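Worksheet for the structure shown next.
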Amino acid sequence: MLNLFAEIFDFFLPRICPACNTKLSVDEKVVCYSCLSKIKIATEETLKFEYDRKFKGQNIISGFTSLYIFEKDKELQQIIHSLKYNQKFLAGKFLGKKLGETNSYKISSWDIDCIVPIPLHHLKKTERGYNQSFYIAKGLSKSLNIQISKYFLKRKKFTQSQTTMDLIEREENMKEAFVAKKTSKLKGLNILLVDDVITTGSTIKECGKTLLNANADKVYAASIAITDFTD
C-alpha cells in the first residue's frame, strides 16, 4: 500500500536526482543508485593519510572522518551544489545520514557531546538564506542521536573565497575568523565539527582552535567529502 501511494505521489510530483536530473524510482532516496555507485568512497587508508598531513601533531583536531573523495565536475559536486545553491535541503540530510551510518562506530568511540556545523558569516548566510552544513549536521544528528548546537561558534570575519588560494594563504585568510559563544556551556565538551567538503583543513583547524581556547575538551571533524589538495 505504501508503495502504491509513493508511486502516485511520484507520478504527480516526480522526485529528481540532483546529480543527473533523472526521475527517481520509488525505492531510491534523494539520489539515484547509479549516481551513488559512481561516487568515490574515502577508504580508511586515505583518511589516515589525509588526517596525518592535515591535522596530526597540531593538537587541535583529535580525530577526523569523511565519506567520499571530492571530484570536480562529477556526481558528488552536483549533489553538494544542489544543496548549497538550490535549496535542496533533503540532499544535505541524506548525505549527513549516510555519513553517520557509515561512520557510526568511529564517531561513537569519540564520545561526542555535541555536533557543531561550520558557521557562515552573517552576510553570506543572508545572501544564501541558510547554512548548508546545518542540514548535513541534521542528517548526522538524526542518525547518531547526538544534539546539534548552532550557537557555540560564530564566524566574525568575512573571508574571501579560498578556491584559488594555496595552503599558507588559506590559513591566513581564516586566521581569527571565528569566536566562541556560550562558553560556560561549552566547557569540557567533546565537539564534532561538520562541513560539506574539507580541502586543506584550515577552516576546521581555526574552528577547533577557537573551541579549545574556550575550554572545550576535545574537537573532532567530519565531512561529506575530502579533496586531494596540493599546493
Side-chain angles (χ1 to χ4, degrees), residues 42 44 46-68 70 92 95-96 99-100 102-121 131-157 159 162 167 170-227 229:
E44 281 301 320
T46 297
L47 292 175
K48 183 181 184 307
F49 175 78
E50 294 296 341
Y51 176 81
D52 287 350
R53 73 169 180 161
K54 287 177 170 62
F55 304 119
K56 188 177 180 180
Q58 299 180 44
N59 297 319
I60 299 173
I61 303 301
S62 295
F64 156 77
T65 194
S66 192
L67 189 56
Y68 298 119
F70 184 87
L95 292 172
L99 176 63
T102 304
N103 294 278
S104 60
Y105 180 78
K106 178 186 287 187
I107 296 174
S108 295
S109 72
W110 295 340
D111 195 23
I112 298 298
D113 295 298
C114 186
I115 296 171
V116 174
I118 299 296
L120 293 178
H121 188 270
N131 178 3
Q132 74 278 0
S133 293
F134 172 70
Y135 289 95
I136 295 170
K138 284 191 75 172
L140 184 62
S141 171
K142 186 174 182 179
S143 174
L144 300 178
N145 194 30
I146 301 174
Q147 66 177 342
I148 302 173
S149 175
K150 300 187 291 181
Y151 307 108
F152 283 146
L153 200 59
K154 179 181 178 181
R155 190 184 294 245
K156 64 177 182 177
K157 176 180 172 184
T159 52
Q162 302 192 135
L167 176 59
R170 285 170 180 252
E171 291 185 343
E172 185 61 30
N173 188 45
M174 297 309 305
K175 189 174 181 181
E176 298 182 352
F178 301 93
V179 61
K181 309 288 285 185
K182 297 183 180 293
T183 54
S184 62
K185 295 183 179 180
L186 182 60
K187 184 177 180 180
L189 298 185
N190 290 339
I191 302 294
L192 178 62
L193 292 169
V194 174
D195 207 356
D196 52 0
V197 181
I198 293 177
T199 304
T200 64
S202 56
T203 302
I204 290 289
K205 285 184 286 188
E206 193 62 32
C207 287
K209 190 186 305 181
T210 301
L211 292 169
L212 290 173
N213 286 342
N215 294 317
D217 188 23
K218 291 182 179 179
V219 178
Y220 299 83
S223 67
I224 297 304
I226 190 163
T227 64
F229 179 84

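Throughout, numbering of the chain's residues begins at 1 and tracks the sequence. The shown structure was predicted, so the numbers you read here are calculated from the model rather than taken from an experiment.
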Gap separating the [atom1] atom of [X] from the [atom2] atom of [Y], nearest 0.5 angstrom:
{"X": "I204", "Y": "T199", "atom1": "CD1", "atom2": "OG1", "value": "10.5 Å"}
{"X": "K182", "Y": "S149", "atom1": "NZ", "atom2": "OG", "value": "8.0 Å"}
{"X": "Y151", "Y": "C114", "atom1": "OH", "atom2": "SG", "value": "11.5 Å"}
{"X": "I107", "Y": "L140", "atom1": "CD1", "atom2": "CG", "value": "5.0 Å"}
{"X": "M174", "Y": "T200", "atom1": "CE", "atom2": "OG1", "value": "9.0 Å"}
{"X": "H121", "Y": "F178", "atom1": "NE2", "atom2": "CZ", "value": "10.5 Å"}

Ignoring hydrogens, what is the shortest heavy-atom contact between [X] and [Y]? Give both atom names and the distance.
{"X": "T227", "Y": "K54", "result": "O-NZ, 3.8 Å"}
{"X": "L212", "Y": "K218", "result": "CD2-CA, 4.2 Å"}
{"X": "Y220", "Y": "S62", "result": "CE2-CB, 3.6 Å"}
{"X": "I191", "Y": "A216", "result": "CG1-CB, 4.4 Å"}
{"X": "A137", "Y": "I115", "result": "CB-CG2, 3.8 Å"}

Let me see the working for T203 and R170 under side chain to side chain contact (heavy atoms under 4.5 Å, CB included), right down to the final yes or no.
CA-CA 8 Å; T203 302; R170 285 170 180 252; over 6 Å; no
Evaluate K106 against L47 for side chain to side chain contact (heavy atoms under 4.5 Å, CB included), listing each step before the verdict.
CA-CA 12 Å; K106 178 186 287 187; L47 292 175; 3.9 Å; yes
What pairs of residues pass the side chain to side chain donor-acceptor pair (under 3.5 Å) test when at least one of them lies in residues 188-198, not counting sequence neighbours?
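Qualifying pairs: Q132-D196, S133-D195.
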Could you check whether any side-chain N or O of [X] sits under 3.5 Å from a backbone N or O of [Y], counting only pairs where one atom can act as donor and the other as acceptor?
{"X": "N131", "Y": "I118", "result": "yes"}
{"X": "R155", "Y": "P119", "result": "yes"}
{"X": "S108", "Y": "S104", "result": "yes"}
{"X": "Y68", "Y": "S223", "result": "no"}
{"X": "T102", "Y": "L99", "result": "no"}
{"X": "S141", "Y": "I146", "result": "yes"}

Taking the basic N atoms (NZ, or NE/NH1/NH2) and the acidic carboxylate oxygens, is any pair closer than 4.0 Å for E206 and K157?
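Here E206 does not pair with K157 in a salt bridge, since their nearest N and O are not under 4.0 Å apart.
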Determine, stepwise, if the pair E176 / K209 fulfils salt bridge (Lys or Arg N to Asp or Glu O under 4.0 Å).
CA-CA 9 Å; E176 298 182 352; K209 190 186 305 181; over 6 Å; no
Quick one: is the NZ or CZ of K150 closer than 6.0 Å to the six-membered ring centre of F134, and within 45° of its axis?
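Checked: cation-pi criterion met.
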How about K156: does its NZ atom have over 12 heavy atoms from other parts shown lying under 6.0 Å from it?
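Atom NZ in K156 is packed in, count exceeds 12.
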With a 4.5 Å cut-off on side-chain heavy atoms, are [Y] and [X] touching?
{"X": "C207", "Y": "L153", "answer": "yes"}
{"X": "V219", "Y": "L193", "answer": "yes"}
{"X": "V116", "Y": "L192", "answer": "no"}
{"X": "I148", "Y": "P117", "answer": "yes"}

CA sep, side-chain torsions, deciding dist, call: L186, L211, side chain to side chain contact (heavy atoms under 4.5 Å, CB included)
CA-CA 8 Å; L186 182 60; L211 292 169; 3.7 Å; yes
Do the rings of F55 and F64 sit parallel, tilted or perpendicular, given the 30° and 60° boundaries?
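The arrangement is tilted - the two ring planes meet at 30° to 60°.
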Given the rule in the side chain to side chain contact (heavy atoms under 4.5 Å, CB included) test, do Y51 and T65 qualify, once you have shown the distances and angles that lead to the verdict?
CA-CA 8 Å; Y51 176 81; T65 194; over 6 Å; no
